[in-house]
**Q** 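Take a look at this one; I'll ask things after.
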Amino acid sequence: MSVVTLVLVFLLAVIVSVFVSRLLRDIIPLPIIQIALGAGLSLFGFTVEFEPHLFLFLFIPPLLFLDGWRIPKEALFQEIKPIMSLAIGLVVVTVIGMGFFIHWLIPAISLAVAFALAAILSPTDPVSVSAMTVNSPLPSRMAHILEGESLLNDATGLVCFSFAVTAALTGTFSLASAAGQFVLVAFGGILIGLLVAWVIGWLNQFLVKRTGEEPAIQIMISLLMPFSAYLLAEHLHVSGILAAVVAGIAMHYEKIAGRMQAATRMQSKAVWDTVQTALNGMIFILLGEQLPGMWNNMPQVAEAAGASHPWMLLIYVIVITVALAILRFSWVWISMTLTVFHKRRRGKEADVLHIRMMAVMATAGVRGAITLAGILTLPLLMPDNTLFPNRDVAIFLAMGVILCSLLIASIALPILTKGLVQDLPYDNDEIRARMALNEAAMSHLRELMNHPSEDMDEIAMRTEVGAQLLEIYGRRLDNTDETESDVYDLHRMIDMEREMSRSALQAKRDALYVMRKGKNINERVYHRLRDELDLKEETLNHHKSKKH
């Protein structure tokens with residue numbers, strides 16, 4: 001089967017999986033549905049043969065770039081201590097501890113391959129977590145810590161994985177040399193990511209100032225940037241993964257990326273949402289597609305692992321999953337106690353909430369797309385053209401752990417997060433910012449109303465329109481107190497205004513459709529007015545999605 005046909009079939013499967021998930025009201029997490037669809041495709045003869053490094057290149061850079069681009073930078077730096085403790089400390093402990101544990105559990109797996117397996121099991125998957133908590137979202141601070149952890153531990157885990165694979169290929173390993181090489185590779189990747197983002201951003205701004213901004217071109221530039229950073233870094237033998245991550249983080253800053261037009265931002269968000277949905281979905285479908293073959297090969301894999309019976313492989317998977325969970329819970333407890341909860345309130349209720357938050361953080365350590373993408377890049381052959389040792393065993397164990405962690409989290413997370421205290425949709429900083437913006441707008445309107453003109457009709461029209469706008473903005477400033485009840489009333493007023501605006505927009509849309517259906521307006525006017533309504537509705541919907 002051609003590659004084009006496979007890609008189209010997989011994309012269709014992603015679409016079907018999303019509709020199935022929505023029809024089931026998100027009761028079954030989306031990754032589980034996609035894995036099941038992938039297994040079904042395999043049973044109907046859809047098999048995939050791919051080049052591992054090409055797979056890594058096509059999937060990982062854009063996903064990590066997008067994570068770096070979208071993660072709230074202020075939250076990332078505010079929570080840097082817990083994030084770094086999880087993203088680096090926990091990864092290092094997982095690689096070392098689980099590496100020795102896997103080698104002890106399955107002696108047939110060499111220590112280098114065990115370290116590689118432990119390294120690729122260390123990254124977590126926030127996309128899977130968000131899919132499982134869609135009906136009971138995490139508090140924003142916890143979500144930011146998990147997002148920051150995933151962003152950085154993806155890069156840390158993949159770098160450690162590459163070192164372990166190199167050790168398995170060469171048969172030599174030096175801790176001092178590896179530590180020095182790790183620093184060189186990591187900082188080299190960071191510098192390349194910054195350099196690529198700055199050069200492309202500067203050149204783009206230079207050209208945009210002279211030619212104008214075209215949203216489609218800006219989106220194409222953003223799509224090419226992660227691959228550019230990755231390829232340049234890999235060519236210079238530093239971390240392409242970190243280069244893609246840092247390029248994404250740097251794209252957040254206007255001094256580097258430039259200030260985008262509203263149309264560019266909206267279209268870019270839609271395109272990148274599509275890319276993320278497609279790539280993540282295809283990875284999980286690919287995992288499902290591999291499962292029947294791995295199941296059929298269990299006897300050979302068990303023999304390679306030195307297991308007495310094929311069912312021992314499933315026991316190994318469960319034991320490794322439990323060991324990872326215990327290690328993560330222990331580290332999360334220590335890390336969060338020292339960083340986030342060191343000033344927590346005392347009392348029985350606070351202690352229960354404290355334990356519950358710890359349990360959520362530990363359970364959210366789901367293995368997903370990065371683990372699968374990484375483990376499938378294990379080399380097929382050694383330098384002497386012999387088979388890479390225990391490659392099928394490592395892939396089977398990694399896939400098993402991914403499935404187990406997904407199943408555990410899909411059951412436990414909705415229970416643990418149900419009724420968890422959520423953040424307020426607004427805070428006093430937002431209220432003060434809204435008032436400051438209204439005051440700035442009103443001041444500018446008064447200047448426009450007082451601007452001299454020789455056209456008396458223009459002055460009268462400007463005065464009338466300005467007075468109407470001043471009345472609208474002035475309503476927002478009637479409540480300037482910051483007592484809890486006043487702020488709560490203002491929250492309710494803003495929510496009510498948005499709901500009524502959304503309802504009014506729908507009425508406009510219905511009326512516009514009736515006019516077009518009755519041929520009362522031409523197609524050009526219809527599309528222009530419809531686009532304006534879409535822009536306003538997207539603004540309201542964006543606020544609603546942020547709130548929930």
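Note that these values count all heavy atoms, side chains included, but never hydrogens, waters or copies made by symmetry.
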**Q** Going by atom type alone, with no hydrogens or angles, which donor-acceptor pairs under 3.5 Å involve a side-chain atom of residues 29-38 and a protein atom two or more places apart or on another chain?
**A**
{"unit_1": "Q34", "atom_1": "NE2", "unit_2": "S17", "atom_2": "OG", "d": "3.3"}

**Q** What residues form a salt bridge (Lys or Arg N to Asp or Glu O under 4.0 Å) with D273, not counting sequence neighbours?
**A** R70, K269
**Q** Checking T264 now: which residues fulfil side-chain hydrogen bond (donor to acceptor under 3.5 Å, both in side chains) with it, not counting sequence neighbours?
**A** E213
**Q** Return all side-chain donor-acceptor pairs below 3.5 angstrom for residues 367-374, not counting sequence neighbours, or 'none' if the list is empty.
**A**
{"unit_1": "R367", "atom_1": "NE", "unit_2": "L121", "atom_2": "O", "d": "2.4"}
{"unit_1": "R367", "atom_1": "NH1", "unit_2": "G365", "atom_2": "O", "d": "2.6"}
{"unit_1": "R367", "atom_1": "NH2", "unit_2": "L121", "atom_2": "O", "d": "3.1"}
{"unit_1": "T371", "atom_1": "OG1", "unit_2": "I120", "atom_2": "O", "d": "2.9"}

**Q** By ring pair (Phe, Tyr, Trp, His ring centres under 6.0 Å), which residues pair with F59, not counting sequence neighbours?
**A** F55
**Q** Among all residues two or more places apart in sequence or in another chain, which pass the side-chain hydrogen bond (donor to acceptor under 3.5 Å, both in side chains) test with H444?
**A** none
**Q** For Q506, what residues pass the side-chain hydrogen bond (donor to acceptor under 3.5 Å, both in side chains) criterion, not counting sequence neighbours?
**A** D510
**Q** Which residues satisfy the salt bridge (Lys or Arg N to Asp or Glu O under 4.0 Å) test with R509, sequence neighbours excluded?
**A** D534, E537
**Q** Tell me every residue that passes side-chain hydrogen bond (donor to acceptor under 3.5 Å, both in side chains) with W69, counting only those two or more places apart in sequence or in another chain.
**A** none
**Q** Under 3.5 Å, is there a donor-acceptor pair linking the side chains of S150 and D125?
**A** no
**Q** Is there a side-chain contact between L279 and P62 in this structure, where contact means two heavy atoms from C-beta onward sitting under 4.5 Å apart?
**A** yes
**Q** Can you name the residues that form a ring pair (Phe, Tyr, Trp, His ring centres under 6.0 Å) with Y526, not counting sequence neighbours?
**A** none
**Q** How would you list, by chain and number, every residue that makes a salt bridge (Lys or Arg N to Asp or Glu O under 4.0 Å) with E79, sequence neighbours excluded?
**A** R141
**Q** What residues form a ring pair (Phe, Tyr, Trp, His ring centres under 6.0 Å) with F206, not counting sequence neighbours?
**A** W202
